[in-house]
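First comes the structure, then the notes that go with it.
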Amino acid sequence: MPESIADPIHTLRTVFGYDGFRGQQQQVIDTVLAGGDALVLMPTGGGKSLCYQIPSLLRDGVGIVVSPLIALMQDQVQALRQLGVRAAALNSSLSYQEGGALQAQLAAGEIDILYVAPERLMMEQTLAWLARTQVALFAIDEAHCVSQWGHAFRPEYMQLSVLHERFPHVPRIALTATADQLTIDEMVVRLHLEDAQQFIAGFDRPNIRYTITEKSNPKAQLLGFINREHADDAGIVYCLSRRKTDDIAAWLCQQGKRALPYHAGMTQGDRQRNQSRFIREDGIIIVATVAFGMGIDKPDVRFVAHLDLPSTIEAYYQETGRAGRDGAPADAWMAYGLQDVIMRRQMVEQSDADDARKQVERRKLDAMLALCEVIGCRRQQMLAYFGDQLDHACGNCDTCLTPPQTWDASEAVQKALSCIYRTGQRFGVNHLIDVLLGKENERIGQLGHDRVSTFGIGRELSATQWRALFRQIVARGLVMVDDEYGGLKLNANSRPVLMGEQTVTLRQAVKKERVSSSRAAKRSGVVEWQRPEDVALWEALRQCRKQLSEEQGVPSYVVFHDATLRQMVEMRPQDLIAFAAISGVGEQKLDRYGAAFLQVIVGAL
Ligand code: ADP
Ligand code: ZN
């Protein structure tokens, strides 16, 4: 390639159709182009792929990308081919003939970027072939898979240190979105990246709006949220159990949504089919257990909803992180209540883990609960957990947008604690609330709880307010949950409150969320278009994209992202020159799709 166009920004514009680099992309690319190693930590959606794709195109030889997931590889290859990049994947799904054809192309220097599964790369045969080949770089994607302590450990990744030994002059770039300092240190050692330049971006995902709402009627709340904010959008709904997953998916379908379940109890075939529909079709909602998500890099997931509480902030961050990879606004929404707190506390206590492990799990759960109950900015609190400092409230989370009301609940909490004590420290919340409210029922009579001193001392609050109070004191660890029956007991933290030595400020219980909204269904995609002609054009463009993507058997976002369509609506280009100026339109896509979309735009006027 002549010097003059071996220029990253030129490639960014002509091939990818983007105007400028984001974050540290440029520095990473310069490092690798100059032959240096790089270790890149960027959050999901940060734009890691370009960091190795552009150097692969600009350096002589083929860029080898190690990627743990075959499904993901194929998506990336498809997307690159749409851009006119000569990309291919080498993995076990290739037939013998396909493998042979690929070998020939590689030998002829006709491939710029080759995705390889780690076990395939480590085969002696592959390594021998590499030794005879001009390699532009090695990119090790999802590099945290090398960490034995992480959740995604892949033994094959351990062997990747061989690359450094056998190909000392080929630059290597390791990339990940999930790494704390320990994992980073481990990556450096295991992959021999001591000399690599480190590019560490923060964890923040500014386009994701975090909302954690009090659970009252979760199904109706979920539907209300979807209808209000994401009527036609793709999203993921996480549930804890398989049964609930099936149930919620079926119920959403009855409500007119296109929802599909996904969990480990389904056959491989059914799972695969639902996942593939989610990726390929527009606006599908997948209702899943945590089994779903690894390796989903669908960029236009507009929301992730949780109907059950994740056990750690790490899990919450990772699951919600699947929303909005394309950088456009997205929602992380959760409904959370007293039962979640009690159940998670019980799960920790009942687990088979040893004491040290349990201690860690308790701390992690405490942090997750604190995030749920936080009064200040949620994003700040979450980033602080990862060691990131955000020095201002974010303005894009529920607590920033609607600051919660607080109240001095010291006296009420004392009543609750004392009620737990007077009834013998073995009853659950419902019974305790009945006693506090002075309910006359059979059970209370039998137990003689109408004669304890706390009977009826809590009539100033409603049952809902008491539930919110109990949720918060359990979440804060001011009382303990019995691991078997969920009864509440006092602990060391209860004492100072009971003695009046410590005040307790709690969140005010919110009034019931409106579950239906007049705004319902007005929103389409990411934007709320004001003018009817914009809505019409947006729909027509989506239709055009759908048709083109079906013709080629690729997901619709591979044709154009939502953000690109949105610009078409805003700018209404009238000719190919104007069309080419839209972000996401590179030379290939201009050739391929320019005319079709222009016709829609011009026709719409
Ligand atoms: P990651 O792998 O870090 O999660 P990707 O590489 O998949 O992120 O990029 C996320 C999205 O952002 C992709 O849709 C990509 O096309 C887009 N993107 C990346 N870099 C840029 C850029 N410089 N300008 C515009 N869009 C970009
Ligand atoms: Zn905030």
Side-chain angles (χ1 to χ4, degrees), residues 8-9 11-13 15-29 40-54 65 67 69 72-73 75-76 79-80 82-83 85 113 115 139-144 173-179 199 201-212 293 295-301 318 321-328 330 332 371 374-384 390-404 555-567 582-586 589:
I9 192 83
T11 308
L12 181 75
R13 291 189 177 140
V15 177
F16 296 89
Y18 296 138
D19 296 334
F21 286 110
R22 281 188 187 158
Q24 295 177 294
Q25 281 176 331
Q26 170 105 56
Q27 290 91 310
V28 177
I29 290 169
V40 177
L41 197 161
M42 275 183 196
T44 305
K48 287 183 284 298
S49 325
L50 285 183
C51 294
Y52 58 81
Q53 287 167 347
I54 290 183
V65 185
S67 170
L69 294 149
L72 213 107
M73 269 182 214
D75 288 351
Q76 298 240 24
L80 284 167
Q82 289 271 322
L83 299 170
V85 173
I113 303 185
Y115 286 80
I140 302 166
D141 205 4
E142 312 288 350
H144 60 278
I173 167 171
L175 311 105
T176 180
T178 43
F199 299 90
F203 285 86
D204 193 15
R205 301 284 314 278
N207 61 316
I208 298 183
R209 173 175 296 178
Y210 299 95
T211 302
I212 301 182
I296 301 299
D297 75 342
K298 183 176 168 63
D300 55 355
V301 177
Q318 194 174 44
R322 294 178 182 131
R325 287 182 83 116
D326 53 9
L371 178 64
V374 73
I375 291 162
C377 171
R378 271 196 221 284
R379 188 183 312 270
Q380 262 178 333
Q381 169 110 350
M382 183 167 71
L383 292 176
L390 188 67
D391 49 14
H392 54 276
C394 76
N396 192 28
C397 70
D398 57 343
T399 47
C400 278
L401 294 165
T402 328
S556 50
Y557 61 78
V558 166
V559 174
F560 282 129
H561 280 184
D562 283 352
T564 305
L565 294 197
R566 189 171 50 192
Q567 272 202 14
I582 286 175
S583 175
V585 181
K589 287 198 176 169

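Just follow the structure's listing: the first ligand is 1, and inside any ligand the first atom is 1. FYI, side chains are in, hydrogens and waters are out, and symmetry mates aren't considered; it's all heavy atoms of this structure. Just so it is clear, the structure is predicted and the values come from calculations on it, not from any experiment. In what follows, residues are counted from 1 in the order of the sequence shown.
One finds the CD atom of Q53 at 12.0 Å from the NZ atom of K48 (value rounded to the nearest 0.5 Å). Taking SG of C394 as the reference point, atom CD1 of I208 lies at 11.5 Å (rounded to 0.5 Å).
For atom 2 (O) of ligand 1, the closest non-hydrogen atom on the protein side is R325 NH2, 3.5 Å. Closest to atom 13 (C) of ligand 1, if we only count protein heavy atoms, is H561 CE1, 4.0 Å. In terms of protein heavy-atom proximity, atom 18 (N) of ligand 1 is closest to R22 NH1, 3.5 Å. Here the heavy atom of the protein found nearest to atom 7 (O) of ligand 1 is S49 OG, 3.6 Å. Annotation: atom 9 (O) of ligand 1 to nearest protein heavy atom, G47 CA, 3.5 Å. Looking only at protein heavy atoms, the nearest one to atom 23 (N) of ligand 1 is G20 O, 2.9 Å.
The nearest pair of heavy atoms linking K589 to V558 is NZ-O, 2.8 Å. Residues R378 and T399 share a closest heavy-atom pair of N-OG1, 3.2 Å. Residues V301 and R322 approach most closely at CB-O, 3.4 Å, considering heavy atoms.
The distance from ligand 1 to the heavy atoms of T44 drops below 4.0 Å at these ligand atoms: 4 (O).
If you look at Q25 next to ligand 1, the close heavy atoms, those under 4.0 Å, all belong to the side chain.
Put simply, the side chain of T44 does not reach to within 4.5 Å of the side chain of F203, judged on heavy atoms. Counting heavy atoms from C-beta on, the side chains of Y557 and D562 never come closer than 4.5 Å.
Close to ligand 1: G45, with a non-hydrogen atom less than 4.0 angstrom away. At least one heavy atom of P43 sits closer than 4.0 Å to an atom of ligand 1.
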Residues Y52, L175; criterion side chain to side chain contact (heavy atoms under 4.5 Å, CB included); working and verdict: CA-CA 9 Å; Y52 58 81; L175 311 105; 3.6 Å; yes

Steps toward side chain to side chain contact (heavy atoms under 4.5 Å, CB included) verdict (Q76, S49): CA-CA 9 Å; Q76 298 240 24; S49 325; 4.2 Å; yes

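When rounded to 10 degrees, the angle formed at the Zn ion (ligand 2) by SG (C400) and SG (C397) equals 100°.
When the heavy-atom distances from atom 27 (C) of ligand 1 to Y52, Y18, F21 are ranked, the shortest goes to Y18. When L12, T176, I9, L50 are ranked by how near their heavy atoms come to atom 21 (C) of ligand 1, first place goes to L50.
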